[in-house]
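Working notes, structure below.
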Amino acid sequence: MIDLKLVRDDPERARASQRLRGEDETRVDALLAADDARRAAVARADKLRGEQKTIGREVAQASPEHRPAVLARAKHLADEVKAAEADQAEADAALQAAQLALPNIVEDGVVPGGENDFVTLDVAGERPQIENPKDHLEIGAALKAIDTERGAKVSGARFYFLTGVGAQLEFALVNLAMQQASDTGFTQVIAPALVKPEIMQGTGFLGAHAAEVYRLADDDLYLVGTSEVALAGYHANEILEGLPLRYAGFSSCFRREAGSYGKDTKGIIRVHWFDKVEMFSYVDVADARDEHQRLLAWEREFMDKLELSYRVIDVAAGDLGSSAARKFDIEAWFPSQGAYRELTSTSNCTTFQSRRLNIRTRGPSGNVPVATLNGTLVAAARTIACLLDHHQQPDGSVYVPAALRPYLGGREVLSPA
RNA sequence: GGAGGCUUCGCCUAGUCAGGUCUAUGGCGCCGCACUGCUAAUGCGGUUUGGGUCUAAAGCCCAUCCCGGGUUCGAAUCCCGGAGCCUCCGCCA
């Protein structure tokens, strides 16, 4: 939800943001119209309620002979109040719908365009030179680390089992990530994977991409697609002190992958379920851009520990999620694909989520919404896929980055049994 | 799954049985002022959160007693539904 006052004061900025995203700019004017209508309805209802309060007191004080007349007037007024309140409720709902229909205002500097219009900010690490590289599935099968066949048998397509060294790899990655987060001052969190509708709504995932989200209809709960959801909900309806607050959350994540038929059908790059360690920051609005750079730096630090070659991209406006004002992705090199693939992503959501979730801090003149930011430290399945692909050796073994070795019993390579 | 209790403006609390200056009481904490050599103590005043009106401030108005409905001229209070917390029973890793 974007700042209504900002839209009133500077509607052109909101329209420009919509254009940059390639979305409908008339929604801004629809919002302004809904705002006007609501304020008119509120003023009418407030006035009538005031009259009703006055006449209510008169009823109580009226002498027996005057009472019937006053009561008759009061009854008539009650009907008017009821009608005005119904109008107000309708206007409130219309305004809310108009607000929910608008994505966050894009940060200055974001380029227009879609998925392929990103700007490459940096390229790091050396791409390994491998003759006829195998893909992660082949390597994972040889190591008895990944079992997608039994994943499909038990749960269906895009499910997998991590076994043996595969399972160890996940624990190692999660531990390494959590250790880094803790050393950096994040509070470690294990977060629920099921959340209530208002939390899912509040983080902006029930808008355009609602079809991506699993819902448990019997219980009216949603499965989170990212740990960000529960970490954002953690402080819902609170007034925060002592910003910045930083959390590193571990949770399973679930995605329906609707509309991604045919993409990455092999292996565990695109799956319905994976585990994740996510950084999440609550900061003062003025500090949000700097925090975004810090999150990116911490993501890079983790990539460097894994000794991966990667590039950092500044995602174009049309490819931003509805809650993000800006997003940087880190894409790592997959030799078998000859391509960079997204491993992590960090978004500055400014006050978009905090307004919906009512998360504020005390400002010099009253309570103000905080900024929320998120960044992936590690998404286990895809990172394992990348590690196997990227660090494969000609003999079929897999090189273990030095930082991971303490979590893998000191092993320097993983070899097929 | 069953039975009972609880939820009031930071925290605690009065008020709910008998609906009407409840415009929500008092205490603690916090802020300001006074007194004071300093501290403490004391006294006085302020202190929920939203929304609307207004160029702005002040002021005024409306809403807000866990949430949503209902009854009524009028609901913290009565009725229905729901949520959360606690206790006990059952079941369970």
At their closest point, which heavy atom of A:Ser17 faces which heavy atom of A:Ile105, and how far apart are they?
->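 Where A:Ser17 meets A:Ile105 most closely, the heavy atoms are OG-CA, 3.4 Å.
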A:Arg355 and side chain to side chain contact (heavy atoms under 4.5 Å, CB included): which partner among A:Asp3, A:Thr350, A:Ile2?
->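 Only match with A:Arg355 under side chain to side chain contact (heavy atoms under 4.5 Å, CB included): A:Asp3.
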Whichever of A:Thr54 and A:Val59 has its nearest RNA chain B nucleotide further upstream toward 5' |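 With A:Thr54 and A:Val59 compared, the 5'-side residue is A:Thr54.
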Along RNA chain B (nearest heavy atom to each residue), the more 5'-positioned of A:Lys75 and A:Leu4 |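 On the 5' side of the pair lies A:Leu4.
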Both distances under 3.5 Å, Watson-Crick or G-U wobble: report the partner of [N], or none.
N	answer
B:rA18	none
B:rC65	none
B:rU42	B:rA34
B:rG90	none

Please report the distance separating the [atom1] of [N] from the corresponding atom of [M], rounded so that it comes out in whole Å.
N	M	atom1	value
B:rG84	B:rG27	P	36 Å
B:rU21	B:rG74	C1'	14 Å
B:rU64	B:rA76	P	7 Å

Atom [atom1] of [X] and atom [atom2] of [N]: how far apart are they, to the nearest Å?
X	N	atom1	atom2	value
A:Arg57	B:rC61	CZ	C1'	12 Å
A:Gln52	B:rU23	CD	P	13 Å
A:Glu58	B:rG74	CD	P	15 Å
A:Ile239	B:rC11	CD1	C1'	15 Å

